Amino acid sequence: MRSDTIHSRNDIDLNNSIFSGQTFRWTNIERDHQKYISIIDGNVLIVEQETPSSLRILSQPVQNQNEISRDRLNDYFSLDIDPLECFPLSFRTRYPELWQLLLPYRGIRVLRQDAFETLVTFMCAQGIGMHIIRRQIDTICSRFGRKHTIEVNGKPVSFFSFPSAETLAGADPAELKICTNNNCLRASNIISAARAVSSGSLELNALADPSRNLEEIRETLCGLKGVGLKIADCVMLFGLHRFDAFPVDTHVHQYLGHWFSLPGALKSLSRKTYLTLQKEALDILSPRYAGFAGHLLFHCWRRDIRHMTSF
DNA sequence: TCCCAGGCCCTAC
DNA sequence: GTAGGGCATGGG
């Protein structure tokens with residue numbers, strides 16, 4: 001297994017940052033040592049904290065694929081981005097108390113994840129708690145993904161990769177329903193989305209072109225059954241690596257009212273309210289990094305104000 | 001028991 | 001255009 005170390009200008013806290021919610025595919029295998037495992041680009045990766053600003057990564061390619069490069073890891077963990085610089089000076093001066101509250105969250109990264117995996121993940125995240133979402137993804141992987149067993153400190157550890165679009169396109173709806181919290185409609189929608197991707201009628205790679213217009217991408221994604229504004233924005237932020245995409249979920253809806261007193265936050269989150277709130281948020285945050293900044297606000301809100309511990 | 005959790009969609013008005 | 005209910009389950 002190859003070992004590598006990647007560094008960041010900022011502190012990185014694995015337990016409190018990278019894995020705090022934006023991905024459901026990293027699993028803690030050694031809580032005492034903060035050791036996590038996942039599969040990225042056909043490589044089994046084990047990540048642990050080396051120093052406050054560096055990660056030690058053990059990687060092993062699966063199925064004779066090439067080893068993952070250091071550049072790719074820096075890209076995946078978005079170490080090219082300084083989270084605090086995602087907030088404009090106007091924000092820092094206008095909201096000094098909130099700014100102080102955000103400083104401990106400087107280690108939070110928005111991972112540049114796989115688009116299809118992100119799409120399915122957020123299709124599983126409708127109106128239910130974080131632990132059920134994680135359970136759904138775990139079950140999808142264990143039933144439809146490929147099993148990999150590697151050795152960690154002399155002990156075998158088994159892990160499942162996320163299934164391909166082709167695999168989910170051919171999934172039995174009754175079996176997928178077991179994975180989607182018994183929700184038939186959700187299972188059916190995921191199969192439809194997988195068929196769109198595997199048949200080529202939905203080209204996620206083309207949507208990842210950074211020169212493309214956000215609204216145009218969102219319109220395409222919203223053409224899928226079971227995908228609305230929020231899920232489309234999450235796919236753009238986490239799966240298409242568009243840090244300018246700003247999803248408004250129930251928590252964002254709440255903090256936009258609490259911290260910024262946006263009048264739209266008092267209304268229910270209809271399509272119209274969603275778009276209004278999003279536009280108003282972009283006036284407060286830097287448009288280029290609104291989604292990245294929003295992710296720090298999201299976790300700060302959940303942990304410091306709502307005192308939620310799950311992620 | 002009740003409310004809400006990283007929503008979406010359909011119906012009634 | 002907006003409000004309300006269904007989908008589903010579990011934790012606080």
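Numbered from 1 within each chain, the chains take letters A, B, ... in sequence-line order. It should be emphasised that the depicted structure is a prediction, and the values quoted were computed from it without experimental measurement.
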For [N] versus [M], give the span between their [atom1] atoms, rounded off to a whole number of Å.
N: dG11(C); M: dT1(B); atom1: C1'; value: 14 Å
N: dG5(C); M: dC2(B); atom1: P; value: 15 Å
N: dC7(C); M: dA5(B); atom1: C1'; value: 14 Å
N: dA3(C); M: dC4(B); atom1: P; value: 16 Å
N: dG6(B); M: dG12(C); atom1: P; value: 12 Å
N: dC10(B); M: dA8(C); atom1: P; value: 15 Å
N: dG4(C); M: dC3(B); atom1: P; value: 14 Å

In whole angstroms, how far is the [atom2] atom of [N] from the [atom1] atom of [X]?
X: Arg302(A); N: dG6(B); atom1: CZ; atom2: C1'; result: 7 Å
X: Leu269(A); N: dG7(B); atom1: CG; atom2: P; result: 9 Å
X: His253(A); N: dC8(B); atom1: NE2; atom2: P; result: 14 Å
X: Tyr274(A); N: dG7(B); atom1: OH; atom2: C1'; result: 10 Å
X: Leu229(A); N: dG6(B); atom1: CG; atom2: P; result: 19 Å
X: Phe298(A); N: dA5(B); atom1: CZ; atom2: P; result: 11 Å
X: Asn189(A); N: dC9(B); atom1: CG; atom2: P; result: 8 Å
X: His307(A); N: dC4(B); atom1: NE2; atom2: P; result: 18 Å

Audit row: Ser53(A), Ser8(A), side-chain hydrogen bond (donor to acceptor under 3.5 Å, both in side chains) steps and yes/no: CA-CA 5 Å; Ser53(A) 62; Ser8(A) 169; over 6 Å; no
Residue-phosphate contact under 4.0 Å: Arg271(A) side-chain N/O, dG1(C) OP1/OP2: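 False: Arg271(A) side-chain N/O out of range (4.0 Å or more) of dG1(C) OP1/OP2.
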Short side-chain N/O contact from Gln254(A) to OP1 or OP2 of dA5(B), under 4.0 Å: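 True: Gln254(A) side-chain N/O within range (under 4.0 Å) of dA5(B) OP1/OP2.
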Check against side-chain hydrogen bond (donor to acceptor under 3.5 Å, both in side chains), Thr121(A) and Thr118(A): CA-CA 5 Å; Thr121(A) 297; Thr118(A) 306; 6.0 Å; no
Sugar-phosphate only, base, or nothing, as touched by Met308(A) at under 4.0 Å among non-hydrogen atoms: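 Sugar-phosphate: the residue Met308(A), judged by heavy atoms under 4.0 Å, touches backbone atoms but no base.
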Working for side-chain hydrogen bond (donor to acceptor under 3.5 Å, both in side chains), residues Arg25(A) and Gln113(A): CA-CA 10 Å; Arg25(A) 288 283 296 137; Gln113(A) 298 169 84; over 6 Å; no
Side-chain donor-acceptor contact under 3.5 Å, Ser158(A) with Thr149(A):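 The answer is yes; a qualifying pair exists.
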Check this for me: does any side-chain nitrogen of one of [X] and [Y] sit under 4.0 Å from a carboxylate oxygen of the other?
X: Asp80(A); Y: Arg112(A); result: yes
X: Asp244(A); Y: Arg288(A); result: no
X: Asp138(A); Y: Arg135(A); result: no

Close aromatic pair by centroid cut-off 6.0 Å: Tyr255(A) and Trp259(A):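 Yes; Trp259(A) has its ring centre under 6.0 Å from that of Tyr255(A).
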Output field: ring centroids Tyr105(A)/His299(A) closer than 6.0 Å: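 That pair fails the under 6.0 Å test.
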Extract all donor-acceptor atom pairs below 3.5 Å that involve side chains of residues 230-238 of chain A and protein atoms in other chains or at least two apart in sequence.
residue   : atom : partner   : partner atom : Å
Asp233(A) : OD1  : Arg218(A) : NH1          : 3.3
Asp233(A) : OD2  : Arg218(A) : NH1          : 3.1
Asp233(A) : OD2  : Tyr274(A) : OH           : 2.6
Asp233(A) : OD2  : Gln278(A) : NE2          : 2.9

Residues from residues 239-250 of chain A lying under 4.0 Å of DNA chain B - heavy atoms: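 Those residues whose heavy atoms fall under 4.0 Å from DNA chain B, taken from residues 239-250 of chain A in numerical order, are Asp249(A), Thr250(A).
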Heavy-atom protein contacts under 4.0 Å, nucleotides 2-12 of chain C, coded B base, S sugar-phosphate only, - none: SS----BBSS-
Along DNA chain B (nearest heavy atom to each residue), the more 5'-positioned of Val252(A) and Leu224(A):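 Its nearest nucleotide being more 5', the pick is Val252(A).
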